[in-house]
Amino acid sequence: MMHVLLRGAVLAAGAMLAGAPAVAQAEFPSRPISLVVPYAPGGTTDILARLVAKPMGEFLGQPVVVENTSGAGGTIGTQRVVKAAPDGYTLTFGNMGSLAANAPLYPSAGFDPVRDLAPVGLVATVPMVLAVSNGSGVQTLQSLIDAMKNKPGAFNFGSGGPGTTNHLAAAMFLHLSGTKAEIIQYRGAGPAITDLMAGQVQGVIDQTLTMVPLHSDKRARALAVSGPARIDSAKDVPTFAEAGLPSFDLTVWNAIAAPRGTPGPVIEKLAQALSRALDTPEVADRLAQFSATAPAGAQRGPQALGELIENDARRLAKLIQAAGIQTN
């Protein structure tokens with residue numbers, strides 16, 4: 001009888017242990033989640049992260065706390081997440097710079113976002129705007145190109161750091177327009193935009209969320225916007241094609257990823273929280289205000305983002321090589 005009771009106790013204990021991971025996953029999250037933005041505060045990626053963090057936290061039942069860890073074009077913050085425990089409590093909110101372009105730009109970083117991160121979901125795709133300082137005297141994109149060719153070295157661009165989308169966009173613009181200018185590197189788009197308003201740099205190319213308000217408030221002059229059509233929030237700003245540079249067509253996607261190895265049920269729960277956050281009126285209205293497009297249908301979720309990251313990693317590697325973009 002004692003043998004039977006002992007055997008039953010062992011089996012019961014084994015069953016409890018076997019079910020422990022499932023219980024732990026079912027309880028996720030049981031504490032706050034860190035959402036690491038690998039750039040300085042004030043840029044588009046930071047703005048979008050803060051926009052979705054609050055509703056995501058409400059759906060998850062735990063705060064989602066935005067933490068800025070900037071430097072090396074997003075590499076330092078991304079590396080922090082790559083090295084974090086794969087438990088869903090440390091995520092990165094990056095963009096196509098930190099999540100797709102970093103590998104060819106920083107081969108010595110010791111990690112590859114495609115290989116070492118687990119996609120959670122796409123947040124938004126955002127057009128880019130080229131704006132110049134009010135003191136530059138430039139009124140149109142063509143006049144900017146002409147002035148840069150007539151006065152080599154007289155103009156410069158600010159970027160959020162080597163390898164950021166601002167850096168990629170500025171280098172791509174110089175390559176396609178046949179012009180030369182110094183690209184001054186900051187620790188994020190926010191500081192670069194501050195210097196644009198102060199006239200310390202003559203130009204910045206960034207996403208609509210940061211650039212449209214500058215143009216609307218006349219703190220800088222927008223010359224062109226990427227994409228096939230003008231945007232509702234700045235109807236007076238022509239597309240790059242209308243302004244005379246149709247070959248420039250660069251839009252930026254922003255997304256959330258976790259360390260590789262994060263359990264599937266945790267990824268799915270995070271993806272569901274993001275999807276519900278994107279459907280809230282507050283988020284939807286803010287994105288529409290600046291012509292940012294949230295994913296819909298099959299574009300949502302980990303699989304779609306994974307395919308996007310892999311495809312853009314290949315595409316951007318070719319662009320980086322063709323434009324001779326370097327991070328030093």
Side-chain angles (χ1 to χ4, degrees), residues 11-38 45 48-49 52-67 69 74-96 98-100 102-103 109-124 253-280 283 294-295 297-313:
L11 290 174
M16 291 177 64
L17 289 173
V23 172
Q25 289 179 8
E27 293 175 349
F28 174 85
S30 59
R31 54 187 170 86
I33 295 169
S34 295
L35 186 58
V36 179
V37 175
T45 306
L48 287 174
V52 301
K54 184 175 183 292
M56 281 186 68
E58 292 172 352
F59 291 128
L60 290 167
Q62 291 287 343
V64 176
V65 182
V66 175
E67 300 178 8
T69 304
T75 299
I76 294 175
T78 307
Q79 189 175 48
R80 173 186 165 188
V81 177
V82 166
K83 293 181 176 180
D87 53 14
Y89 289 100
T90 306
L91 311 173
T92 181
F93 193 108
N95 56 37
M96 70 181 194
S98 63
L99 296 176
N102 264 3
F111 70 92
D112 182 344
V114 174
R115 180 193 65 221
D116 298 322
L117 290 173
V120 172
L122 182 66
V123 176
W253 50 262
N254 302 264
I256 296 176
R260 180 67 65 181
T262 301
V266 172
I267 293 289
E268 185 58 31
K269 195 165 187 178
L270 291 167
Q272 289 175 358
L274 172 59
S275 181
R276 294 176 68 182
L278 292 174
D279 289 336
T280 60
V283 173
Q299 292 180 314
R300 292 194 179 185
Q303 181 177 347
L305 176 58
E307 293 172 357
L308 177 62
I309 292 174
E310 290 187 13
N311 290 337
D312 261 13

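What you see below is based on every heavy atom in this structure, not just the backbone, and it leaves out hydrogens, waters and symmetry mates.
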Any side-chain heavy atom of [X] within less than 4.5 Å of one from [Y]?
X    : Y    : answer
L117 : T92  : yes
P119 : E307 : no
L91  : S34  : no

Give me the atom names and distance for the closest heavy-atom approach of [X] to [Y].
X    : Y    : answer
L122 : Q299 : CB-O, 4.3 Å
A257 : V81  : O-CG1, 4.5 Å
A85  : P259 : O-CG, 3.9 Å
A273 : F59  : O-CD1, 3.9 Å
P113 : N102 : CG-CB, 4.3 Å
A271 : P302 : CB-CD, 4.0 Å

Problem - Check: S98 side chain, N95 main-chain N or O, donor-acceptor pair, under 3.5 Å - result: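 Yes: the side chain of S98 pairs with the backbone of N95.
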Exercise for the section: Kindly say whether G74 contributes a backbone atom to a donor-acceptor pair with the side chain of T78 at under 3.5 angstrom? Expected result: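 Yes, the answer is positive, given that a donor and an acceptor are paired below the 3.5 Å cut-off.
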Practice task
Could you walk me through whether L278 and R300 pass the side-chain contact (heavy atoms from CB on, under 4.5 Å) test, one step at a time?
Solution key: CA-CA 10 Å; L278 292 174; R300 292 194 179 185; 3.9 Å; yes
Problem - Residue of the set L99, V36, I256 for which side-chain contact (heavy atoms from CB on, under 4.5 Å) holds with F93 - result: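 Among L99, V36, I256, the one that satisfies the side-chain contact (heavy atoms from CB on, under 4.5 Å) with F93 is I256.
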If you measure from the Lys or Arg side-chain nitrogens to the Asp or Glu carboxylate oxygens, is any gap between [X] and [Y] under 4.0 Å?
X    : Y    : value
D87  : R31  : yes
E58  : R276 : no
D112 : R260 : no

Practice task
Carefully, step by step, assess L60 and I33 under the rule side-chain contact (heavy atoms from CB on, under 4.5 Å).
Solution key: CA-CA 10 Å; L60 290 167; I33 295 169; 3.8 Å; yes
Problem - side chain to side chain donor-acceptor pair (under 3.5 Å) evaluation trace for T262 with Y89 - result: CA-CA 10 Å; T262 301; Y89 289 100; over 6 Å; no
Practice task
Show your working on side-chain contact (heavy atoms from CB on, under 4.5 Å) between V37 and E67 and close with a plain yes or no.
Solution key: CA-CA 6 Å; V37 175; E67 300 178 8; over 6 Å; no
Handout entry: From NZ (K269) to CE (M56), nearest 0.5 Å
Key =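 Here the rounded value is 11.5 Å.
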Exercise for the section: Kindly compute the distance separating OG1 (T90) from NZ (K83), expressed to the nearest 0.5 Å. Expected result: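 Atom-to-atom, T90:OG1 and K83:NZ are 14.0 Å apart.
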